[in-house]
Amino acid sequence: MEEKNTEQNKKKVLVVDDDNNLRRVLVDKLSLSGFDTAGASNGKEGLEKALEWHPDAILLDILMPIMNGQQMLKELRADEWGKNVKVIMLTVIEDANSIAQAMEDGSLAYLIKTEQTMDEVVEKVKSMLK
Amino acid sequence: MSISTVVLVILFGLIFSSFSLIQNVWTDPQRYFSSELSVSETQFYVVYMALVLISVFVSYIIYLLLTLRTRAEIMVLDKTKSLLISLDQFTKLYEGAPVPYIILNKKGEIVESNKAALRFFGVVEKEIIDKNIFSFQPKEDSEKADKFLQYYKSNIPINKEEIRMITKSGEVKWVMLSVFEMKDLKDPTHTGLATIFDITERKQLDQAKTEFVSLASHQLRTPVSTVKWYTDMLRSGSLGELQPKQTEYIDTIYKVNEGMIDLIDLLLNISRTEIGTLKMDIKAANVIDITDNILVELSSQIQEKNININKQYNNKLKNIKSDPKLLRIVIQNLLSNAVKYAPQGGEVGIIFKDSLIEKTISVSDNGIGIPKGEQFKIFTKLFRASNTHDSQGTGLGLYLVKSIMKTIGGDISFISEENKGTTFTIKL
């Protein structure tokens, strides 16, 4: 079973992804890895949840209805609290422009879903919250 | 030589010979004529003959002088007519051309335009005259417009620049603008000829293709990511230990799904190269690290076939300027092919060379080789050599490799002999 440590139990991770299956498995995996987790199914919902819940890290998809990940990131960075929160883009879009744009908008990492195992995603979150 | 010149020459010849004859006859008439005529009669006939010849000559000269003006006028008329025909043809071409042509003054203001230009902007002539050509760009592109105006004023040619322009109705169109200096006989000051190609449809099509690849990328990758992560959860034991048979089944699902991910990546990359959206991102690339990572990925196949890997690295290739991601796709394809086609217990070589002339990476195997008669088709899309009997290949890998090498400005070549092996060499 997953290793848990008390420090990590306090860390909150918000998963913003419109795909229910992917969101669920990410939330499950992060919970099993000792994080306090929550999910949101689009950028608008994600932004509201983030500003209310103040997570330590956000895993953010890009292509989503209502508000996409890039827009949510921009609005988040405009907020006093949101400008410092750790954000990892987790997407299937691989083009250089999207990556450059995400980095410019203040994303700290850009991961391609098909290239990452679940453990690698968790490791990335852990290393970012160290 | 004209007829009149020929006639003149003949006449001169005749007169000259007549005069010498007349002189001879005059001095010794009896030598030339019979005694039936007296000397004075003979001299009279000679003088008469000379006068006839002189009068013919003089008449011809008068004729030439009198007709000279008429002939000059006819010539001018002929030339004027052909000039008018040329002008008419030019005007028809200029006015009827489907491409907008615009003549500019030295400030970049429109002096004249053809009908296609008026149609393009949706205006009548007076609405466009005196307006600056660079003022038709949208406000967001004002920086670009200023830059091009400065180019124009400094006599720097604007060659096939893709810019946006606004028409009278407010429609924004993509155009390919060229402006070249034009010498005008009427006005020797600096003027320019602008041509505008409407490329809006092409741009929309490019955009649609890019969006299609982006959408396909999303729609195809999302389900395989889901399978990957759910099987990953089961395999890692996060949800409890599995029975050996269950592990075997889950591992198979995982492996097949990874193959699907690779295939989707391959298809998307091919689409990107074909529609020209495969962008290069040149930075420092460590070819040795890239190759070693690929070898780790291929380790299970290498071990399964007991393949000996012969590495000859050159440390200079640890830091080269290239696109690491594209280079990875190239080396990955060449290495996985080499491993796939090498025999059980065979050998795969990776040789890096860095000479003054070129940097090369060679990947070789001692496998089945490519039949000689099929070698010219090796980089063709969907080509599979007749001696490959496995069902794994797609016939797309080397096609993609070739396209990528073209994109990054390198080259690829190979030597191969059936049943002896193949060596691919890429030049960076």
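Open room surrounds NZ on B:Lys359; 12 or fewer heavy atoms of other groups in view lie less than 6.0 Å from it. Annotation: B:Lys255, atom NZ; neighbour count of heavy atoms from other residues, nucleotides and ligands within 6.0 Å does not exceed 12. Other residues, nucleotides and ligands contribute over 12 non-hydrogen atoms within 6.0 Å of the NZ atom of B:Lys209. In this structure, B:Glu201 places its CD atom where only 12 or fewer heavy-atom neighbours from other residues, nucleotides or ligands lie under 6.0 Å away. In this structure, B:Met176 places its CE atom where more than 12 heavy-atom neighbours from other residues, nucleotides or ligands lie under 6.0 Å away. Annotation: B:Lys203, atom NZ; neighbour count of heavy atoms from other residues, nucleotides and ligands within 6.0 Å is above 12. Counting heavy atoms of neighbouring residues, nucleotides and ligands inside a 6.0 Å radius, atom NZ of B:Lys144 exceeds 12 of them.
Under the rule for a ring pair (Phe, Tyr, Trp, His ring centres under 6.0 Å), B:His218 has no partner lying at least two apart in sequence or in another chain. Evaluation of the salt bridge (Lys or Arg N to Asp or Glu O under 4.0 Å) rule for B:Glu297 yields B:Arg328 as partners, not counting sequence neighbours. A:Gln70 meets the side chain to side chain donor-acceptor pair (under 3.5 Å) test with no other residue; sequence neighbours excluded.
The backbone N or O of A:Thr117 lies less than 3.5 Å from no partner atom in the side chain of B:Asp232, so there is not a single donor-acceptor pair.
Inspection of non-hydrogen atoms places A:Asp19, A:Asn21, A:Leu22, A:Arg24, A:Val25, A:Leu26 of residues 19-27 of chain A under 4.5 Å from chain B.
Proximity of A:Glu115 to B:Ile261: side-chain heavy atoms (C-beta onward) are nowhere separated by under 4.5 Å. A heavy-atom distance below 4.5 Å is found between the side chains of A:Lys113 and B:Trp229. Taking 4.5 Å as the limit, every side-chain heavy atom of A:Met118 sits out of range of all side-chain heavy atoms of B:Ser238.
To the nearest 0.5 Å, the span separating OG on B:Ser236 from NZ on A:Lys29 amounts to 4.0 Å. If you take CG on A:Leu32 and CG on B:Leu239, they are separated by 6.5 Å, rounding to the nearest 0.5 Å.
Counting heavy-atom pairs closer than 4.5 Å to chain B, the top-ranked of the candidates A:Ile62, A:Val92, A:Ile112 is A:Val92. Options B:Val224, B:Ile264, B:Leu268, B:Thr222 differ in how many heavy-atom pairs under 4.5 Å they form with chain A, and the most are formed by B:Thr222.
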